[in-house]
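Numbered from 1 within each chain, the chains take letters A, B, ... in sequence-line order. Note that the coordinates shown come from a computational prediction; the quantities given were computed from them, not determined experimentally.
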Amino acid sequence: MPGTLIIAETADGAVAPLSFELLAAARALADQGAGDVSALVAGEESLAQSLIEHGADAVYVCSAGSLDPGSAEAGAGAALAAVEAAGADIVLMGQTSVGRDLGPLMAFRLNTAVAMECLSLAIDGGRLRAVRSCYGGNANAEVTWRGDVQIATLKPKAVDPLAPDASRSGSVTAIDAVGEQRVRVISTEAAEATGIRLEDADVVVSGGRGLGDPSAFEMMEELAGLLGGATGASRAACDLGWYPPSQQVGLTGKTVTPDLYVAVAISGASQHMAGMSGSKNIVAVNRDPDCNMVQVARFAVVEDYKKVVPALIDAIKALD
Amino acid sequence: MNIVVCVKQIPDPETPASQFAVDEAAKRVIPAQGIAPVVNPYDPQATEAALRLKDAAGEGKITVISLGEDSARDAIKHALAMGADEGVLLSDPEFENIDNFQTAVALSRAIEKIGDVDLVLMGRAAADWDMGVAPLGVAEQLGFPCVTIAKSMEADGDTLTVQRVLDDGFQTVEVDLPAVVSISNEFGEPRYPQLRQIMLAAKKTVQVWNADDLELEDDEAGEDNRWLALEALYIPQVESNVEIIEGDSPEEQARNLALKLREAKLI
Ligand SMILES: Cc1cc2nc3c(=O)[nH]c(=O)nc-3n(C[C@H](O)[C@H](O)[C@H](O)COP(=O)(O)OP(=O)(O)OC[C@H]3O[C@@H](n4cnc5c(N)ncnc54)[C@H](O)[C@@H]3O)c2cc1C
Ligand SMILES: Cc1cc2nc3c(=O)[nH]c(=O)nc-3n(C[C@H](O)[C@H](O)[C@H](O)COP(=O)(O)OP(=O)(O)OC[C@H]3O[C@@H](n4cnc5c(N)ncnc54)[C@H](O)[C@@H]3O)c2cc1C
């Protein structure tokens with residue numbers, strides 16, 4: 001029986017939030033007739049429970065580390081065995097350091113295609129149909145697969161996870177296979193974490209090239225701190241060395257979907273929008289009333305940020 | 001060291017949204033008037049990576065390959081002007097509008113035809129479709145291991161040590177040659193072609209190979225044989241419902257914004 005296999009990832013010993021988004025996407029496909037949902041996870045069998053609660057009907061557990069970044073060949077061995085065991089004709093994974101390598105690798109080994117960074121998925125005539133963004137976010141493409149197995153990576157935060165349901169049950173099976181890993185990982189280091197993680201923040205204040213000066217990021221940090229949020233930046237600002245690349249929002253940076261996104265002196269290029277257009281409310285502070293960021297915002301102040309942002313900080317303090 | 005660099009010519013990714021247009025019936029982008037195509041921004045960095053390895057080793061040969069229309073010659077010329085040695089243009093009506101699986105097959109056949117290649121360098125993604133699939137595809141076709149999204153690398157004999165960029169950090173990996181490595185923007189600025197180099201580049205050879213030269217089967221190229229079929233291509237609609245916050249002074253505008261945000265329970 002065909003079905004959907006999701007590749008789960010872990011962070012700090014628990015299932016990563018994006019994996020629950022994948023399960024929700026797979027359950028939605030199941031509702032459209034795509035068959036059962038199974039999940040592959042690397043590590044302890046105890047990880048299976050939360051995957052089942054979030055929508056998996058069956059969980060395959062492979063050896064710890066085989067789905068870590070930089071281990072795509074090892075992971076592909078396990079994932080191909082899981083595709084076989086589950087009889088899956090759809091494979092979903094996250095657009096992450098793992099999925100970016102594993103998706104294409106599995107596709108070439110299965111003689112099929114992969115659609116990267118999909119925004120939405122649906123079943124149409126019994127087959128998967130995906131929407132993905134291309135041309136830097138200027139266009140959307142809808143694609144279908146010719147090969148038997150349909151592989152896709154999902155953009156983070158494209159789908160809301162389901163609430164866990166402790167009454168759900170499912171099978172748990174060990175997968176022994178791992179692939180031959182020719183790339184040797186010597187060391188992995190985490191980026192320095194400063195304050196709230198950008199991806200988890202309810203409020204994000206980002207600055208762009210129009211700040212004109214790296215020290216203006218202190219003002220962004222002050223506003224973000226006041227709102228209990230995180231500070232981000234456009235690529236133009238990061239490329240100028242004004243803010244660390246780990247805080248870059250956009251196509252080649254982080255994807256954020258906060259309740260409030262404050263864009264200061266950012267024009268709203270499609271590649272920036274690709275990382276924040278899912279924000280629930282956008283506020284633009286920009287001198288140019290015609291720029292894209294002002295057009296897509298809910299609220300906009302068309303003025304020099306140097307006058308507006310300090311006054312906004314004072315006004316917010318005065319509210320309390 | 002025998003290095004191949006793959007470069008792609010793409011529509012300028014910084015084309016303003018107002019000038020970006022799609023022919024929905026043909027499922028094609030309509031080239032923007034007066035905006036010339038450019039080299040995929042990551043690809044000069046792949047050329048730079050090759051030149052640094054060649055400089056460090058004091059020997060080696062760099063061949064640049066591009067699959068595309070005649071304008072792809074410009075991408076090859078740019079790499080030759082940076083210092084690469086030879087170019088190959090893969091050109092055939094059957095290569096138009098093919099997908100990344102087919103591109104990877106054609107590129108790998110060309111690399112096999114060049115022969116004895118130690119290292120293939122590519123960009124982390126092509127900024128048009130932005131899939132990042134081709135490097136792993138070329139590696140799989142050639143039977144080479146692949147390291148993606150590199151920010152720096154060093155060769156020691158037949159072993160490469162590569163620093164790569166992860167979502168939340170960095171990773172150091174080692175791989176034995178032959179291998180494929182894809183290069184990220186963190187690699188740093190590519191060198192700018194000097195006038196003398198540009199003149200020298202004009203004398204370097206650019207061969208042109210078609211599908212027959214690559215011994216591709218009929219069903220390996222051609223847009224009807226795509227592995228991923230394009231069902232629709234359109235510009236997503238975004239409505240503007242913006243409320244411009246008024247006020248007699250920036251201070252008043254800021255106060256009004258704070259009040260609006262409080263009213264909307266956003267702060
Ligand atoms: C392959 C590729 C990937 C990319 N990935 C990303 C990505 O991940 N993230 C990203 O952000 N970009 C990305 N880009 C770059 C993107 O195309 C834009 O160049 C970039 O987002 C522009 O940044 P910006 O808005 O800060 O600068 P600009 O476009 O220069 O805008 C500056 C803005 O500041 C305003 N301004 C100036 N002075 C003031 C003032 N005193 N007060 C108020 N407003 C002022 C101006 O009106 C303008 O709107 C990518 C590009 C490519 C080709
Ligand atoms: C259904 C579908 C329809 C498409 N239609 C079109 C179309 O009409 N027009 C169009 O231009 N593209 C089209 N493409 C995109 C095109 O197939 C890809 O851009 C190309 O094959 C590269 O794949 P990629 O995006 O995965 O490249 P990536 O893997 O993102 O590129 C990474 C690196 O691979 C190398 N590379 C990629 N392509 C080439 C190349 N052609 N020559 C040399 N090196 C290269 C470069 O080093 C590049 O930096 C289509 C893709 C699909 C899936």
Please flag which part of [X] lies under 4.5 Å from any non-hydrogen atom of chain A: side chain, backbone, both or neither.
X         : value
Ile149(B) : side chain
Pro11(B)  : side chain
Ala127(B) : backbone
Gln163(B) : neither
Glu251(B) : both
Val29(B)  : side chain
Tyr234(B) : both
Arg262(B) : side chain
Arg164(B) : side chain

For chain B, find which of Glu117(A), Arg109(A), Gln271(A) contributes the most heavy-atom pairs closer than 4.5 angstrom. Arg109(A)
Ion pair check, [X] and [Y], cut-off under 4.0 Å:
X         : Y         : value
Asp167(B) : Arg100(A) : yes
Arg146(A) : Asp99(B)  : no
Lys254(A) : Asp168(B) : yes

Hey, can you tell me if Phe101(B) and Phe108(A) have their rings parallel, tilted or perpendicular (30° and 60° cut-offs)? parallel
Rounded at 0.5 Å granularity, tell me how far [atom1] in [X] sits from [atom2] in [Y].
X         : Y         : atom1 : atom2 : answer
Met116(A) : Met131(B) : CE    : CE    : 7.5 Å
Ile267(B) : Ile316(A) : CD1   : CD1   : 4.5 Å
Asn281(A) : Leu266(B) : CG    : CG    : 4.5 Å

Would you sort out whether Leu319(A) and Leu259(B) count as a side chain to side chain contact (heavy atoms under 4.5 Å, CB included), showing the intermediate values? CA-CA 8 Å; Leu319(A) 282 179; Leu259(B) 290 172; 3.8 Å; yes
Cut-off 4.5 Å, heavy atoms of chain B, and the answer for Val98(A) is neither
Going by residue number, which parts of residues 175-186 of chain B are within reach of chain A, meaning a heavy-atom gap below 4.5 Å? Val175(B), Asp176(B), Asn185(B)
Is it true that the side chains of Asp101(A) and Thr148(B) contain a donor and an acceptor less than 3.5 Å apart? yes
